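To keep things clear, I will list the structure first and then write my remarks on it.
One-based numbering, in listed order, for ligands and for the atoms of each. On a predicted model such as this, the values are computed, not experimentally measured, just so you know.
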Amino acid sequence: MQILVTGGAGYIGSHTLVALAEAGHETVVVDNLSNSNPASLTRVEELAGKKIPFYQVDLRNREGLCRVLEQHHFDACIHFAGLKAVGESTEKPWEYYENNINGTLTLLDVMRQHGCKNILFSSSATVYGEPNVIPITEACPKGRCTSPYGQTKNMLEEIMMDMQRADKDWNVVILRYFNPIGAHPSGRIGENPNGIPNNLMPFITQVAVGRRPELGIFGNDYDTPDGTCVRDFIHVMDLAQGHVAALKAIENHCGCAIYNLGTGQGYSVLQLVKTFEKVNGIHIPYCIKPRRAGDIAICYSNPSKAEKELGWIAQFGLEDMCRDAWNWQRNNPNGY
Ligand code: NAD
Ligand code: UFG
């Protein structure tokens, strides 16, 4: 397939480009580089062994986007582009709604004008809020999202499903990611956050490489086996393969389909830290800090729908995730 990849210079997008190339798909990237570095795309091209056309265009720039869709015929779009920092979204809600909602509305309109009505959308487990069943299935009702970021994901899911209900030519695949970590095993591409990392794994690797003195663990008094929060960490290359598999739903004219992309295994924050130490032989000093607002105690998926319908199942374990995250950071101590 010929695929438009929005946000392809970012963390998950760059890894997915490699998986798509390996599966024989052609890709074109649109990204405004607001949270990424074009060096990621150069390295993707090295790994993919081919050129990948790139347009530095903001999704809200309708004319710019139209020019891209006039120059290429796309079978589908994989839509990663968006702002994603949960904490920042509570401080800058307008910027999050404006970027994520307006960017996506413009994209959807330009796509339909150019006859492309197939989209895979990066959603998140955050739409479940405080889940009422664990492990979480796709049938679990969506909850009250605890941040404007989560609200944008929830609203965009609804917008796309409404559009699909009104126009059956659309195929909308909503992928709800759990906690992607790790990096391509080559160590050439990986997660490269700006400033102080919000997320756990990049914080751990920055402590390991000496950029930060210690990790703060947000709360050890949750109702979990060791008191720290439990998450469904998934290797970013497994997540990338999940997108390749999800293209099948488009080929099968799914209409609207929703899939959890997780491993189905929950591990605690402390288990992740201990595994990282064991696999990489590095001590990670940490201190216990107060709970972080908005965190839920336990969140992990039931990923069996994706296995049954797409034939996709995560292959990598926690040790692989820890090894590959460190391999990326130690080879690129200051990122790209
Ligand atoms: P990322 O920030 O690394 O990548 C997003 C990319 O989108 C960046 O390259 C950024 O420059 C680009 N972008 C943002 N706004 C844009 C706009 N208006 N026009 C064009 N480009 C724009 O993030 P990521 O971790 O790769 O996440 C990809 C997607 O997956 C996001 O939609 C995110 O919300 C979602 N997601 C991520 C996680 C996670 O933990 N990383 C979990 C669940 C869902
Ligand atoms: N944590 C720490 N210290 C840190 C960073 C995180 O203890 O420095 C803890 C958090 O409190 C939480 C766990 O590590 O218990 C995981 O936190 P992350 O910030 O890495 O991930 P979240 O589960 O909060 O959220 C992530 C993405 C969201 C996405 C969600 C889907 O940031 O965008 O996964 O499950 F929606």
*Taking both backbone and side-chain atoms of A81, is any N or O found less than 3.5 Å from an N or O belonging to ligand 1?*
no
*Per-residue contact class, V57 against ligand 1 - non-hydrogen pairs under 4.0 Å*: backbone
*Taking distance alone, with no angle check, do Y177 and ligand 1 share an N/O pair under 3.5 Å?*
no
*For ligand 1, note which part of S123 has a heavy atom under 4.0 Å away: side chain, backbone, both or neither.*
backbone
*For residues Y55 and R67, is any side-chain donor paired with an opposing acceptor at under 3.5 Å?*
no
*Using a strict 4.0 Å cut-off to heavy atoms of S122, name the atoms of ligand 1 that fall inside it.*
29 (C), 30 (O), 32 (O), 35 (C)
*Against heavy atoms of S124, which atoms of ligand 1 measure under 4.0 Å?*
43 (C), 44 (C)
*Check whether any N or O atom of I12, backbone or side chain, sits under 3.5 Å from an N or O atom of ligand 1, and answer yes or no.*
yes
*Is K153 touching ligand 1 with its side chain, its backbone, both, or neither, if touching means heavy atoms under 4.0 Å apart?*
side chain
*Which bit of N99 is near ligand 1, meaning a heavy atom under 4.0 Å away: side chain, backbone, both or neither?*
side chain
_Residue Y149 vicinity, atoms of ligand 2 by number, heavy atom under 4.0 Å_ = 33 (O), 36 (F)
_Just checking F80 against H15, ring centres under 6.0 Å apart?_
no
*Show which atoms of ligand 2 fall inside a sub-4.0 Å distance from at least one heavy-atom site of C229.*
15 (O)
_Quick check on contacts: which atoms of ligand 2 are under 4.0 angstrom from a heavy atom of N198?_
5 (C), 19 (O)
*Give the residue and atom name of whichever protein heavy atom lies nearest to atom 17 (O) of ligand 2, and the separation in Å to one decimal.*
R292 NH2, 3.3 Å
_Heavy-atom nearest neighbour in the protein, as seen from atom 26 (C) of ligand 2, with distance rounded to 0.1 Å_ = N179 ND2, 3.6 Å
_Does only the side chain of N179 get under 4.0 Å from ligand 1, or the backbone, or both, or neither? Count heavy atoms._
neither
